[in-house]
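Some notes on the structure that comes next.
Ligands are counted one by one from 1 in listed order, and the atoms in each one are counted from 1 as well. Quick note: numbers below take in every heavy atom, side chains included, and nothing from hydrogens, waters or symmetry partners.
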Amino acid sequence: MMFEKRILCIGAGYVGGPTLAMIAYKCPQYKVTVVDINPTRIAQWNSDDLPIYEPGLDEIVKAVRGRNLFFSTEIEKEIKESEIIFVSVNTPTKMFGVGAGMAADLQHWEKTARQIRKCSESDKIIVEKSTLPVKTALAMERILISSDNEIHFDVLSNPEFLAEGTAIKDLEDPDRVLIGSRETPSGLKARDQLVEIYANWVQRERIITSNIWSSELSKLVVNAFLAQRISSINSIAALCEKTDADITEVARAVGMDSRVGNKFLNASVAFGGSCFKKDIMNLVYICRSYGLDEAADYWEDVVKINDYQKEHFVLNMLSAMFNTLVGKKICLFGFAFKANTGDTRESPGIFIAKRLIEERAELVITDPKALNNAMIDLEGIEGKITYAEDPYESSAGCDAIAVMTEWEIYANLDFEKIYRSMAKPAFIFDGRNILDHKRLFEIGFNVFPIGKPALTHF
Ligand code: NAD
Ligand code: UGA
């Protein structure tokens, strides 16, 4: 079959896989290929057991794989054959040298740029899909034009706003698609080609364009704003615990102000995920590098509050359980950084598990999708940790349950049965405020929500 366009994505991760699967699904006229240096990941994408769990993803991949969606490790061949290349490699926080702990580590990004330059034999549009520091497109352009051939490249910024757990819905019906370009005739032409791809299923009014630097920066800023809301509500949750106010009631009153809005106001044990902290620290680093220390301090505090929130949760557990956790058995309900994903990157569960082990508690960890990742995250930690899929089996004999992830199943468990099987006094620390606290108290639990008065029998 003749395809209208050949589109490639370098990087078959949480973003590259689902995003390009959606393009292939909505645009049968294009040939879409996703490549990766990791052969195991590509083999998984080609199997019945996809490398990531995302509701609705299996169905889409099954519908288009082998039709116009292909997963491959032949990076060089695919670069040669494609006209549009999305780059969606990982851009983690740099952990060494200048900017360690803050700046973006651009090594994978740069390698990709060099490989594209080396293998290209025709003009191409390069689309930044990864989240990058503002001005990164300049580096990409400089690498691409540094060869002595006549090939022309246009670099576009097209950040991804999908959230894990709702990726398919977010891709199918995005709030907006943002495309940043150079304002040259060639840059604008390239931009229009990318607009045309998305216009296959996204309403035109939702496809917005901007200059390339605004686009790069907007991605960091959206994540910073979202995380800031969580830190704001969590800081108030701590105050609620001291003052008998209830964070759910406060969030409702605040969120009903249409100027504030009600999303992202759920107090929690802390935000996790691979991007919020990384992107804010990147923003902080950029501000500092331009001498904007006050702006940098402001955003850094969002991360500080989040770190404080996790420690605060552990200290609450310690003080509620008579100031010692030695030998006590604690069951973590959930380990994923949020519900409906198996991803545990930067999950608050990691920090809390490590701190509880430091206090010499014994842990039982349960999660419907994230146990394999949890085992990798906690590998080598000295202490007693067991893993089990069944929450009833996991909590039996435990002194306490701590809810780390808002999986819906946890709200619907038979807590009378759980209470009977636990050591007494039995404690529940609801790090997501998803349980019926009054009912749990009536059953006999001592209940410690986030940002609400504790319900105890003492
Ligand atoms: P990921 O780690 O899941 O996937 C990245 C993939 O790139 C890996 O499979 C890796 O093997 C591959 N890779 C690295 N170097 C390569 C190279 N030289 N050639 C080929 N493949 C290479 O990362 P992710 O979560 O998909 O994130 C990718 C980017 O998207 C990041 O910049 C991230 O900030 C951004 N982002 C992520 C999300 C999310 O929900 N995870 C959402 C929006 C934006
Ligand atoms: C986030 C953004 O929502 C996406 O738009 C963005 O594309 C993505 O980061 C990225 O750049 O990687 P994600 O991290 O997948 O998506 O998930 P979120 O729904 O944003 O949740 C992040 C964390 O905040 C989770 O730990 C979640 O439990 C927590 N959270 C969220 C709260 O504690 N309270 C809330 O009210 C909302």
Can you tell me which residue and heavy atom of the protein come closest to [atom], and the distance to 0.1 Å?
atom: atom 32 (C) of ligand 2; result: Ile230 CD1, 3.6 Å
atom: atom 19 (O) of ligand 2; result: Lys338 NZ, 2.8 Å
atom: atom 34 (O) of ligand 1; result: Lys278 NZ, 2.6 Å
atom: atom 35 (C) of ligand 1; result: Thr131 OG1, 3.4 Å
atom: atom 41 (N) of ligand 1; result: Glu164 OE2, 2.9 Å
atom: atom 22 (C) of ligand 1; result: Ile37 CG1, 3.4 Å
atom: atom 15 (O) of ligand 2; result: Glu164 N, 2.8 Å
atom: atom 29 (C) of ligand 1; result: Val89 O, 3.5 Å

Going by the closest heavy atom to [atom], which one wins out of [options]?
atom: atom 11 (O) of ligand 2; options: Arg229, Lys219, Lys277, Glu160; value: Lys219
atom: atom 14 (C) of ligand 1; options: Val15, Asn90, Ile75, Asn223; value: Asn90
atom: atom 14 (O) of ligand 2; options: Phe276, Phe337, Tyr14; value: Phe337
atom: atom 11 (O) of ligand 1; options: Leu132, Asn38, Ile10, Asp36; value: Asp36

Just to verify, which of Arg252, Lys452, Lys438 counts as forming a salt bridge (Lys or Arg N to Asp or Glu O under 4.0 Å) with Asp246?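 Filter result, single survivor: Lys452.
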Test salt bridge (Lys or Arg N to Asp or Glu O under 4.0 Å) applied to Glu83 and Lys31, Lys5, Lys124, Arg6, the passing residue: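 In the set Lys31, Lys5, Lys124, Arg6, the residue that makes a salt bridge (Lys or Arg N to Asp or Glu O under 4.0 Å) with Glu83 is Arg6.
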Is any N or O atom of [X], backbone or side chain, closer than 3.5 Å to an N or O atom of ligand 2?
X: Ser268; answer: yes
X: Gly272; answer: yes
X: Phe161; answer: yes

Is there a nitrogen or oxygen of [X] sitting under 3.5 Å from a nitrogen or oxygen of ligand 1?
X: Gly16; result: no
X: Lys129; result: no
X: Gln115; result: no
X: Thr91; result: yes
X: Tyr14; result: yes
X: Glu160; result: no
X: Arg41; result: yes

Sub-4.0 Å heavy-atom contact, Cys275 with ligand 2: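 Cys275: in contact with ligand 2 (<4.0 Å).
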Quick one: does Arg432 get within less than 4.0 Å of ligand 2, heavy atoms only? yes
Side chains of [X] and [Y] in contact at under 4.5 Å (non-hydrogen atoms):
X: Asn266; Y: Ser268; result: no
X: Phe86; Y: Leu194; result: yes
X: Glu346; Y: Phe337; result: no
X: Trp407; Y: Asn340; result: yes
X: Pro348; Y: Arg432; result: yes
X: Phe271; Y: Asn234; result: no
X: Val89; Y: Lys111; result: no
X: Asn316; Y: His312; result: yes

Can you list the ligand 1 atoms lying under 4.0 Å from a non-hydrogen atom of [X]?
X: Gly13; answer: 1 (P), 3 (O), 4 (O), 26 (O)
X: Lys219; answer: 43 (C)
X: Ser88; answer: 5 (C), 28 (C)
X: Thr112; answer: 18 (N)

So which bit of [X] gets within less than 4.0 Å of ligand 2, heavy atoms only: side chain, backbone, both or neither?
X: Leu265; value: backbone
X: Leu162; value: backbone
X: Asn266; value: both

Assess whether a salt bridge exists between Arg182 and Glu141, defined as any Lys/Arg side-chain N lying under 4.0 Å from an Asp/Glu carboxylate O. yes
Can we say Lys354 and Glu358 salt-bridge, meaning some charged N sits less than 4.0 Å from an Asp/Glu carboxylate O?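 Looking at Glu358 together with Lys354, the answer is no, because their closest N to O distance does not fall below 4.0 Å.
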Does only the side chain of Arg345 get under 4.0 Å from ligand 1, or the backbone, or both, or neither? Count heavy atoms.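 Side chain only.
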Which is it for Ser130 and ligand 1 at heavy atoms under 4.0 Å: side chain, backbone, both or neither?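 Both backbone and side chain.
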Heavy-atom closest contact ([X] atom, [Y] atom, distance):
X: Thr33; Y: Ser72; value: CG2-CB, 4.3 Å
X: Pro449; Y: His437; value: CB-CE1, 3.5 Å
X: Arg117; Y: Phe153; value: CA-CZ, 4.5 Å

Polar side chain donor-acceptor pair, Gln228 to Tyr298, under 3.5 angstrom: yes
For Phe225 together with Trp299, are the ring centres under 6.0 Å from each other?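 Yes; Phe225 has its ring centre under 6.0 Å from that of Trp299.
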In terms of the angle between their ring planes, are Trp201 and Tyr198 parallel, tilted or perpendicular, with boundaries placed at 30° and 60°?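 Trp201 and Tyr198: tilted rings.
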Specify whether Trp45 and Phe71 have parallel, tilted or perpendicular ring planes, treating 30° as the upper limit for parallel and 60° as the lower limit for perpendicular. parallel
